[in-house]
2 protein chains.
Amino acid sequence: MRDDRFCQSNCPFTRAIGTIGNKWEPMIINVIGTRTMRFGQLDAIVPHISRKVLTGQLKELEEVGLLERLAYKEIPPKVDYKLSEKGLAFLPILEAINEWNIKYEVAVMPEETDLG
Amino acid sequence: MRDDRFCQSNCPFTRAIGTIGNKWEPMIINVIGTRTMRFGQLDAIVPHISRKVLTGQLKELEEVGLLERLAYKEIPPKVDYKLSEKGLAFLPILEAINEWNIKYEVAVMPEETDLG
DNA sequence: AATTGTAGTTACCTGTTAGTAACCAGAATA
DNA sequence: TATTCTGGTTACTAACAGGTAACTACAATT
């Protein structure tokens with residue numbers, strides 16, 4: 001998922017896009033937010049994601065230092081995921097994207113309004 | 001490039017990621033910035049992009065209303081691209097990503113410093 | 001002895017994205 | 001007459017992403 005050519009650029013912006021410039025990582029970061037979540041929860045909540053892709057993305061997020069993984073030595077296994085400081089610092093950006101979209105998105109359906 | 005499942009979500013954030021959640025569109029938007037640019041310039045400046053991908057992405061950006069395309073009826077052809085209001089409003093987000101990355105990116109090379 | 005629960009992993013197969021190189025129009029220039 | 005210039009398009013191919021379903025470990029429960 002990560003683009004190595006981008007990540008090896010000498011431009012920090014290009015490198016940033018090389019790591020978070022895809023759909024899954026922002027989605028996962030946004031879903032976790034300030035919470036601590038387990039694998040099964042993420043699998044259930046992140047829209048449209050499959051187990052396989054989820055594990056891969058979680059690994060990448062951990063490698064890049066956005067995510068902390070805490071595995072308890074229990075059976076059945078239990079693993080907690082939470083954002084690192086870097087990951088938390090990314091949340092306001094995702095919130096800005098959300099607001100930007102709400103403000104500028106062209107209406108897909110010309111919604112009828114009951115509200116006058 | 002756009003993810004239709006995401007774009008049909010009833011969550012605005014998910015829809016936003018469905019359109020700009022990829023590497024090419026942020027890169028192109030960032031390169032254009034507040035300037036007006038021609039196809040050939042973009043082809044030369046956007047890192048690693050091929051003509052084919054560039055045309056495709058420019059079309060998508062136009063469809064989503066981030067980009068304005070102005071084709072002059074000349075030969076040889078001349079086409080200007082510039083960001084729409086929506087596109088311009090996205091620039092601060094890209095700048096925030098840049099700053100976030102500069103602040104939190106783990107050094108790839110353990111840089112020696114001459115600066116004490 | 002069989003089932004449940006969790007967090008993955010694996011194999012197999014399909015679909016999408018990307019790269020490359022050749023090609024186009026049609027006026028202006030050499 | 002051949003070449004140049006620009007903004008694409010097209011065909012072919014390689015690489016990658018993603019979906020599905022089956023499988024693992026091992027303790028606790030039924």
Side-chain angles (χ1 to χ4, degrees), chain A residues 1-9 14 17-28 31-32 35-64 67-82, chain B residues 1-9 14 17-28 31-32 35-64 67-82:
Chain A
M1 199 58 273
R2 203 174 341 159
D3 188 310
D4 284 335
R5 289 175 313 179
F6 276 46
C7 289
Q8 282 158 20
S9 164
T14 301
I17 295 300
T19 60
I20 52 88
N22 62 69
K23 60 188 176 203
W24 294 121
E25 311 211 351
M27 283 298 300
I28 294 171
V31 163
I32 298 180
R35 299 181 282 183
T36 291
M37 296 190 73
R38 296 182 55 183
F39 182 83
Q41 290 180 284
L42 289 168
D43 188 27
I45 296 179
V46 176
H48 307 297
I49 207 164
S50 70
R51 247 177 168 58
K52 178 189 163 187
V53 171
L54 180 57
T55 34
Q57 297 301 308
L58 290 172
K59 259 177 206 161
E60 285 201 6
L61 285 168
E62 200 195 346
E63 283 172 21
V64 183
L67 199 59
E68 283 163 18
R69 195 189 104 112
L70 182 59
Y72 301 86
K73 295 194 196 323
E74 299 176 2
I75 280 169
K78 177 179 174 181
V79 179
D80 276 340
Y81 290 96
K82 60 192 277 259
Chain B
M1 201 56 273
R2 203 173 341 160
D3 187 311
D4 284 334
R5 289 175 314 180
F6 276 46
C7 289
Q8 283 157 20
S9 164
T14 301
I17 294 300
T19 60
I20 51 88
N22 62 70
K23 61 188 174 199
W24 294 120
E25 312 212 349
M27 283 298 300
I28 294 171
V31 163
I32 298 181
R35 299 180 281 183
T36 292
M37 296 190 73
R38 298 182 56 182
F39 182 83
Q41 290 181 287
L42 290 169
D43 188 27
I45 296 179
V46 176
H48 306 297
I49 206 164
S50 70
R51 250 177 163 60
K52 177 188 164 189
V53 171
L54 180 57
T55 35
Q57 297 301 308
L58 289 172
K59 260 177 205 160
E60 285 201 4
L61 286 168
E62 201 196 345
E63 282 172 22
V64 183
L67 200 58
E68 284 163 17
R69 196 189 104 113
L70 182 59
Y72 301 87
K73 294 194 196 325
E74 297 175 3
I75 279 169
K78 177 179 174 182
V79 179
D80 276 342
Y81 290 96
K82 59 192 278 259

Round to the nearest Å and state the distance from Leu58(B) atom CG to dG7(D) atom C1'. 11 Å
Which nucleotide sits closest to the side chain of Thr55(A): dG18(D), dT9(C), dA27(D)? dT9(C)
Trp24(A) side-chain N/O to dG18(D) phosphate OP1/OP2 under 4.0 Å: yes
In whole angstrom, give the distance that lies between atom CE of Met37(B) and atom C1' of dT6(D). 15 Å
From dT20(D), dG8(D), dG8(C), pick the nucleotide closest to the side chain of Lys52(A)? dT20(D)
Atom pair distance, as rounded to whole Å: NZ in Lys78(A) and P in dA7(C): 9 Å
Find which nucleotide of DNA chain C each of Lys59(A) and Pro76(A) is nearest to by heavy atoms, and output the residue with the more 5' nucleotide. Pro76(A)
To the nearest angstrom, how far is Asn22(A) atom CG from dT17(C) atom P? 14 Å
Measure from CD on Gln41(A) to C1' on dG8(C) and round the result to the nearest Å. 16 Å
The side chain of Arg51(B) lies closest to which of these nucleotides: dG18(D), dG8(D), dA7(C)? dG8(D)
So, OP1 or OP2 of dG8(C): does either fall under 4.0 Å of a side-chain N or O from Arg69(A)? yes
In terms of the angle between their ring planes, are Phe39(A) and Tyr81(A) parallel, tilted or perpendicular, with boundaries placed at 30° and 60°? tilted
Within this structure, what is the CZ-to-P distance between Arg2(A) and dA17(D), rounded to whole angstrom? 11 Å
Which residue lies toward the 5' end of DNA chain C, Arg38(A) or Ser50(B), if each is placed at its nearest nucleotide? Arg38(A)
Would you mind reading off the distance between Leu54(B) atom CG and dT6(D) atom P, rounded to a whole angstrom? 15 Å
I'd like to check Leu67(A) versus Ile32(A) (side-chain heavy atoms, cut-off strictly below 4.5 Å). Are they in contact? yes
